[in-house]
> 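Take a look at this one; I'll ask things after.
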Amino acid sequence: MELRPLGNTGLNLSCVGFGASPLGNVFGDVPEEDAIASVRLAFQSGINFFDTSPYYGGTVSEKVLGKALKALGAPRNEYIVSTKCGRYKEGFDFSAERVTRSIEESLQRLQLDYVDILQCHDIEFESLDQIVNETIPALQKLKEAGKTRFIGITGLPLSIFTYVLDRVPPGSVDVILSYCHYCINDSTLEDLIPYLKSKGVGIINASPLSMGLLTESGPPQWHPASPELKSACQAAAACCKKKGKNISKLAMQYSLLNKDITTVLVGIKSVEQVEQNVAAATELATSGIDQEALSEVETILNHVKNQTWPSGIQKN
């Protein structure tokens, strides 16, 4: 598994990251033994980055990931763990008091002394000025106290990243996690990469399948995409299937192609999904992407390219 540097952190992350939200049973029940087996196989296959949040399954994801990592019995410096703060089952709270308490709770659930990255979760839902003036200074104190090594911010609208990074002292945000903006149907994150590199900020790209749009089974009912976008992705998936190709593998490989993106974070809940994602990365490294299939899919999606959906407080 290829390792890539994360901004100025000195961390090297596997190009495929293990998204642990499904371990919180958010996409159907995952038996604990399956979760533990999938984390073990991921680690044995060279995946060293595991991402979770107290929001996923109302703390279940953190607890299960904690058990699974402990079961590895591996030295702590051999895996990289990221969790989040500010978004909970009960709602949003980015106050200094809550995020300070939050990391203590997360460390207990994860059975760890520290996390490698602590991220403000979906910041577009609250005041970005609070993130700048209160939350990130509180996270700086947690970094100084050794509770986290690095600090990140996450969310959907790309404008939130420039807003915050332009207003905090250089070096106080180490990483951003963007999702659904470096997929076959939406590559707008690419425009932000030179800016992020100039700030020394590492880039995590989540949801290469665009929250289920780029799958044969299609997105969940609640998916916020327009009917037009859903329909185009469905047509692209059907076209791939007809030719014996898998749109999800193609989508994963497309996201992995950009070496400026450190890791592609994909939700994993089974040994089979670990195998599929590792195989996609291995095949890409040895024989490249299927250009013909990619061109066909891009043609089908051309009229909806870079179409997104609103998220959070719109004035942000």
Side-chain angles (χ1 to χ4, degrees), residues 6 17-24 26-27 49-66 80-110 112 114-143 147-161 163-165 168 172-181 189 201-207 211 222 224 263 265-267 310-313 316:
L6 182 69
F18 189 113
S21 68
L23 304 190
V26 294
F27 302 106
F49 177 54
F50 299 86
D51 175 89
T52 183
S53 165
Y55 174 63
Y56 302 146
T59 74
V60 174
S61 172
E62 283 189 326
K63 287 174 191 160
V64 173
L65 181 61
I80 293 158
V81 181
S82 164
T83 194
K84 308 184 184 78
C85 61
R87 185 170 199 180
Y88 311 98
K89 191 171 66 172
E90 311 78 57
F92 291 89
D93 187 346
F94 288 103
S95 67
E97 187 276 328
R98 183 67 186 100
V99 300
T100 302
R101 195 156 37 93
S102 186
I103 186 59
E104 295 295 351
E105 295 163 355
S106 289
L107 291 175
Q108 208 171 355
R109 288 188 286 262
L110 288 162
L112 298 175
Y114 67 90
V115 291
D116 299 280
I117 309 165
L118 180 59
Q119 309 186 74
C120 304
H121 195 175
D122 291 343
I123 60 174
E124 71 267 28
F125 285 91
E126 291 292 318
S127 157
L128 294 183
D129 292 325
Q130 182 189 24
I131 303 296
V132 169
N133 299 316
E134 183 179 355
T135 318
I136 287 169
L139 266 51
Q140 286 293 135
K141 287 182 181 168
L142 294 171
K143 186 176 178 177
K147 304 292 182 183
T148 184
R149 295 171 68 196
F150 301 104
I151 293 167
I153 50 178
T154 88
L156 182 72
L158 293 174
S159 57
I160 62 175
F161 300 123
Y163 188 95
V164 171
L165 290 169
V168 295
S172 49
V173 172
D174 304 291
V175 57
I176 65 116
L177 187 159
S178 166
Y179 69 98
C180 293
H181 286 310
L189 177 61
V201 172
I203 305 167
I204 296 169
N205 171 46
S207 205
M211 298 193 320
W222 49 261
T263 188
L265 194 57
V266 60
S311 177
I313 305 169
N316 277 347

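Residue indices begin at 1 and follow the sequence shown. Keep in mind it's a predicted model, so treat the numbers as computed, not measured.
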> Pick out which of Thr154, Leu189, Asp122 makes a side-chain contact (heavy atoms from CB on, under 4.5 Å) with Tyr179.
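The side-chain contact (heavy atoms from CB on, under 4.5 Å) with Tyr179 is passed solely by Asp122 among Thr154, Leu189, Asp122.
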
> Under the 3.5 angstrom rule, does the side chain of Ser311 hit a backbone N or O of Leu156 as a donor-acceptor pair?
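No, because the side chain of Ser311 does not come within donor-acceptor range (under 3.5 Å) of the backbone of Leu156.
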
> To the nearest 0.5 angstrom, please state how far the CD atom of Gln119 sits from the CZ atom of Phe150.
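Interatomic distance, Gln119 CD to Phe150 CZ, rounded to 0.5 Å: 12.5 Å.
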
> Would a 4.5 Å heavy-atom cut-off, applied to side chains only, mark His121 and Pro54 as touching?
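No, side chains not in contact.
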
> Mind checking what makes side chain to side chain donor-acceptor pair (under 3.5 Å) contact with Glu90, not counting sequence neighbours?
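Scan of Glu90 (side chain to side chain donor-acceptor pair (under 3.5 Å), adjacent residues dropped) gives none.
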
> About how many Å separate CG of Leu110 and OG of Ser82, when rounded to the nearest 0.5 Å?
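One gets 10.0 Å once the value is rounded to the nearest 0.5 Å.
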
> Check for a donor-acceptor pair, side chain of Tyr114 on one end and backbone N or O of Leu112 on the other, with a separation under 3.5 Å.
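No, the answer is negative, given that no donor and acceptor are paired below the 3.5 Å cut-off.
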
> Verify, without hydrogens or angle tests, whether Asp116 (side chain) and Val81 (backbone) share a donor-acceptor contact under 3.5 angstrom.
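Checking the backbone N and O of Val81 against the side chain of Asp116, a donor-acceptor pair under 3.5 Å is found.
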
> Could you tell me the separation between the CG atom of Leu142 and the SG atom of Cys85, rounded to the nearest 0.5 Å?
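Result: 8.0 Å between the selected atoms.
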
> Would you check if Phe49 and Leu6 make a side-chain contact, meaning some heavy-atom pair closer than 4.5 Å?
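Counting from C-beta outward, Phe49 and Leu6 never come under 4.5 Å.
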
> For Leu177 and Ile117, run side chain to side chain contact (heavy atoms under 4.5 Å, CB included): C-alpha distance rounded to whole Å, both residues' side-chain angles, the deciding distance at 0.1 Å, then the answer.
CA-CA 11 Å; Leu177 187 159; Ile117 309 165; over 6 Å; no

> As a test of understanding, state which of Tyr88, Tyr55, Phe92 forms a ring pair (Phe, Tyr, Trp, His ring centres under 6.0 Å) with Phe125.
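That would be Phe92; it is the only one of Tyr88, Tyr55, Phe92 passing the ring pair (Phe, Tyr, Trp, His ring centres under 6.0 Å) with Phe125.
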
> Roughly how far, to the nearest 0.5 Å, is NZ of Lys143 from CD1 of Ile103?
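One finds 13.5 Å between CD1 of Ile103 and NZ of Lys143.
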
> Please check this pair: side chain of Thr263 against backbone of Leu265, looking for a donor-acceptor N/O pair closer than 3.5 Å.
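The answer is no, because no donor-acceptor pair under 3.5 Å joins these two groups.
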
> Quick one: does Glu134's side chain have a donor or acceptor within less than 3.5 Å of a partner on Ser95's backbone?
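No: the side chain of Glu134 does not pair with the backbone of Ser95.
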
> Can you check whether Val201 reaches Asp174 side chain to side chain, under 4.5 Å on heavy atoms?
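Not in contact.
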
> I'd like to know if the side chain of Ser61 reaches the main chain of Tyr56, judged simply by a donor and an acceptor atom lying under 3.5 Å from each other, with no hydrogens or angles considered.
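Absent.
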
> Is the closest side-chain donor-acceptor distance between Gln140 and Ser172 under 3.5 Å?
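Side-chain D/A pair, Gln140 to Ser172: absent.
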
> For residues Leu139 and Thr148, determine if any side-chain heavy atom of one lies less than 4.5 Å from a side-chain heavy atom of the other.
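Result no, sub-4.5 Å side-chain heavy-atom pair not found.
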
> Begin from the C-alpha positions of Ile131 and Ile160 and carry the test side chain to side chain contact (heavy atoms under 4.5 Å, CB included) through to its verdict.
CA-CA 10 Å; Ile131 303 296; Ile160 62 175; over 6 Å; no

> Nearest 0.5 Å, what's the CG-CD1 distance between Leu118 and Ile151?
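Spacing of CG (Leu118) from CD1 (Ile151) equals 7.5 Å.
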
> Kindly compute the distance separating CD1 (Ile123) from CD1 (Ile153), expressed to the nearest 0.5 Å.
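If I round to the nearest 0.5 Å, the distance is 4.5 Å.
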
> Looking only at heavy atoms, which two atoms of Ser102 and Lys84 are closest? And how far apart?
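In this case the closest contact between Ser102 and Lys84 is OG-O, 4.2 Å.
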
> For Thr52 and Leu23, what are the C-alpha separation, side-chain angles and deciding distance, and is it a side chain to side chain contact (heavy atoms under 4.5 Å, CB included)?
CA-CA 9 Å; Thr52 183; Leu23 304 190; over 6 Å; no

> For residues Lys147 and Lys141, determine if any side-chain heavy atom of one lies less than 4.5 Å from a side-chain heavy atom of the other.
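Of all side-chain heavy-atom pairs linking Lys141 with Lys147, none is under 4.5 Å.
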
> Once salt bridge (Lys or Arg N to Asp or Glu O under 4.0 Å) is applied, do any residues pair with Glu105, and if so which ones, sequence neighbours excluded?
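Checked Glu105 against salt bridge (Lys or Arg N to Asp or Glu O under 4.0 Å); matches are Arg98, Arg101.
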
> Please check: side-chain N/O of Thr135 versus main-chain N/O of Phe94, any donor-acceptor pairing under 3.5 Å?
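Present.
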
> So Tyr163 and Glu124, do their side chains get closer than 4.5 Å, heavy atoms only?
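Side-chain contact under 4.5 Å: no.
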
> Taking only residues two or more places apart in sequence, or in another chain, which ones meet Phe50 in a ring pair (Phe, Tyr, Trp, His ring centres under 6.0 Å)?
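Expected list: Phe18.
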
> Would you say Leu158 and Ser178 make side-chain contact, with heavy atoms under 4.5 Å?
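Answer yes - side chains close enough.
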
